[in-house]
Amino acid sequence: MSNSENKLPSIISHCKEYGFIFQSSEIYDGLSAVYDYGQWGVELKKNIKDAWWRSMVYMHENIVGIDSAIFMHPTIWKASGHVDNFSDPMIDNKDSKKRYRVDHLIEQFAEQLSITNPDEANAMLSLMENLLSKDDFTGLKNLIEKYKITCNISNTCNWTDVRQFNLMFETKLGSLAEESDTIYLRPETAQGIFVNFLNVQKTGRMKIPFGIAQIGKAFRNEIVARGFIFRMREFEQMEMQFFVRPGTQKEWYEYWKNARIKWHYELGIPPAQYRFHDHQKLAHYADAACDIEYNFPMGFKEVEGIHSRTNFDLTQHQTFSKKKQFYFDNDIDPATNKPYGNYIPYVIETSIGLDRAILMTLSEAYTEEDLSTPEKQDSRAVLKFPAKIAPIKLAILPLMKKDGLAELAKELMNDCKPHFLCYYEEKDSIGKRYRRMDALGTPFCVTIDHQTKEDNTVTIRYRDSMEQERIPMSEVKEKVLNALN
RNA sequence: GCGGAAGUAGCUCAUUUGGUAGAGCACAACCUUGCCAAGGUUGGGGUGGCCGGUUCGAGCCCGGUCUUCCGCUCCA
């Protein structure tokens with residue numbers, strides 16, 4: 001649509017200047033791809049979480065929430081495939097910039113070599129296995145260079161060092177290093193739901209179809225983390241796993257695609273800013289998958305994924321834990337006139353990146369307006385959040401400090417603050433205070449003046465239109481509350 | 001990871017052949033002020049990203065390093 005070019009840098013500096021998002025460890029030169037949420041960012045984040053939780057858990061009688069630990073038994077990540085699929089030594093060709101898995105590169109070369117010299121090819125492969133098992137990266141590189149293995153694209157042998165890219169962060173559990181076990185910081189919240197599937201199903205007497213929702217931190221050691229809070233090493237996910245009877249996954253997949261895009265529209269974001277991206281190449285666990293992409297300042301990018309994960313995860317956990325992950329379905333199968341009986345449910349996953357959702361709402365809300373008149377140059381920066389996700393809902397501003405206006409303002413403050421976040425401000429000219437509130441995205445400002453003392457009316461000022469209206473002070477709270485629904 | 005650009009006060013930026021930093025805004029106090037930023041007075045705030053080198057002397061030159069942004073690449 002619009003002016004995407006330089007919008008991201010403006011958003012980043014606005015976020016810093018107005019207390020939304022700071023770079024982590026800034027006074028120590030920062031920590032790459034890690035960010036902290038400041039006083040207003042944390043409110044925005046909380047409001048988006050609440051909007052999601054409300055729509056998923058409160059609005060669906062068959063969905064409940066959990067909060068599983070970040071630390072989990074290391075075997076969980078073997079079962080999920082994260083250990084094996086994402087810890088291979090890699091090497092880059094410096095000319096083509098193409099990245100290869102070292103074992104694939106060598107195996108491919110050995111295959112060709114075996115045509116002319118099978119013995120040497122076998123010797124080479126067994127040497128490779130030996131080096132791989134010892135994590136001898138220097139040895140692997142020497143092997144590649146010794147045989148002058150080249151890149152298919154550049155046909156050169158100009159390689160970087162062999163490096164291991166671990167997706168997962170490791171840490172040690174236990175007080176003594178020697179006795180400690182390596183565990184991982186979870187790279188997704190989903191597995192915490194899968195391993196609690198039966199706990200929740202049994203204690204909550206859940207009947208299929210049902211869902212388990214969770215909001216929580218996840219950690220990925222991204223090789224290239226970029227784009228402000230778009231791709232962070234520590235981030236937060238809002239995931240829901242929906243357990244269904246095998247054979248019904250297609251219709252539930254469609255249901256959730258539809259339900260989730262509606263949630264996005266309810267944030268007040270126009271449909272034209274979204275598109276679905278259906279995956280052609282599916283991951284090993286999925287039988288259908290799509291992304292909801294939002295038109296970020298840097299282009300359409302994934303904000304949420306909806307995946308039909310089959311029964312892969314529960315089956316894997318059944319295999320690795322040796323605990324049955326069956327659900328007994330009492331419903332009558334019309335085909336046989338008997339209950340459906342025991343099965344491992346299929347799963348539809350909805351997974352939205354909370355930080356990406358925040359960047360999305362910031363991108364959508366951030367507006368620079370030129371308010372210049374022939375007499376005077378003027379502009380303002382506004383965050384046009386929907387009221388329900390705005391950090392501050394109402395600013396209460398006595399026109400002057402004196403003459404008891406502050407006291408009246410405090411009265412209104414005390415009346416409203418149990419219900420939503422209010423901000424009291426008596427410094428500076430009224431116009432300046434309005435603009436400051438615009439920059440924070442506060443939808444309503446109320447000004448208390450001398451007339452308030454006489455007839456108990458106040459001026460309410462609307463952020464987007466900048467229009468003002470005189471209303472009884474007693475109606476302010478209701479008016480704001482109405483806007484929050 | 002590769003290529004490009006940048007880093008001076010909270011923010012936006014100056015200091016034009018290297019001579020121990022300045023403005024506006026913001027902030028604090030007081031005065032003034034009746035509804036859409038930038039009224040007055042006073043004040044606080046910088047070991048010029050960090051480390052090292054050249055030099056009598058470095059914000060400025062050289063090397064390294066960290067961080068960010070842009071493009072490319074990758075993404076279960």
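Below, read A as the first sequence line, B as the second, and so on, with proteins coming before strands; counting in each chain starts at 1.
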Sorted by position of nearest nucleotide on RNA chain B, 5' first, the leading residue of A/K427 and A/G227 is A/K427
Pairwise 5' ranking along RNA chain B for A/V458 and A/R231, keeping only the more 5' one: A/V458
Describe the nucleic acid contact of [X] in one word from base, sugar-phosphate, nothing, applying a heavy-atom distance below 4.0 Å.
X      : answer
A/A33  : sugar-phosphate
A/Y35  : sugar-phosphate
A/E188 : nothing
A/L371 : nothing
A/T459 : base

Counterpart residues, side-chain hydrogen bond (donor to acceptor under 3.5 Å, both in side chains), relative to [X] (two or more places apart):
X      : answer
A/E411 : none
A/N482 : none
A/R309 : A/D313, A/E349
A/K410 : none

Please find out if less than 6.0 Å separates the ring center of A/F296 from that of A/F230. yes
[Y] and [X] aromatic ring geometry - parallel, tilted or perpendicular at 30°/60° bounds:
X      : Y      : result
A/F444 : A/Y462 : perpendicular
A/F20  : A/F385 : tilted
A/W252 : A/Y255 : perpendicular

Contact list please: residues 443-457 of chain A against RNA chain B, heavy atoms, distance less than 4.0 Å, in numerical order. A/T447, A/D449, A/H450
Across all chains, not counting sequence neighbours, the side-chain contact (heavy atoms from CB on, under 4.5 Å) partners of A/Q318 are A/K324, A/Q325, A/F326, A/I344
Can you name the side-chain contact (heavy atoms from CB on, under 4.5 Å) partners of A/A395, sequence neighbours left out? A/L397, A/M437, A/T442, A/C445
Side-chain donor/acceptor contact of A/R433 with base of B/rC36 under 3.5 Å: no
Does the base of B/rC36 carry an N or O that pairs as donor and acceptor with the side chain of A/R461 under 3.5 Å? yes
What residue pairs, at least two apart or across chains, pass side-chain hydrogen bond (donor to acceptor under 3.5 Å, both in side chains) with a residue in residues 35-45 of chain A? A/Y37-A/D355, A/K45-A/E236
For RNA chain B, please output the secondary structure as dot-bracket, reading 5' to 3'. Pairs are Watson-Crick or G-U wobble, both atom distances under 3.5 Å; mark crossing pairs with [ ], other-strand partners with |, unpaired with a dot. (((((((..((((.....[..)))).(((((.......))))).....(((((..]....))))))))))))....
If a protein heavy atom is under 4.0 Å from the base, mark B; if only from the sugar-phosphate, S; if neither, -; do that for nucleotides 5-12 of chain B going 5' to 3'. ------S-
From the options B/rU68, B/rA76, B/rA37, select the nucleotide whose nearest atom is closest to the side chain of A/H82. B/rA76
Check every atom of B/rA38, B/rC35, B/rC69 against the side chain of A/I12 and return the nucleotide holding the closest atom. B/rC69
Protein N or O to nucleotides 30-32 of chain B N or O, pairs below 3.5 Å:
none

What's the [atom1]-[atom2] distance between [X] and [N], to the nearest Å?
X      : N      : atom1 : atom2 : value
A/K301 : B/rC70 : NZ    : C1'   : 12 Å
A/Q468 : B/rC36 : CD    : C1'   : 7 Å
A/Y434 : B/rG34 : OH    : C1'   : 11 Å
A/R220 : B/rC75 : CZ    : P     : 13 Å

Pairwise N/O distances under 3.5 Å, protein to nucleotides 41-43 of chain B:
none

Any Lys/Arg nitrogen of A/R461 or A/E467 sitting under 4.0 Å from an Asp/Glu carboxylate oxygen of the other? no
Should A/R463 and A/D438 count as an ion pair when the cut-off is N to O under 4.0 Å? no
Heavy-atom side-chain proximity of A/I229 to A/F235 below 4.5 angstrom: no
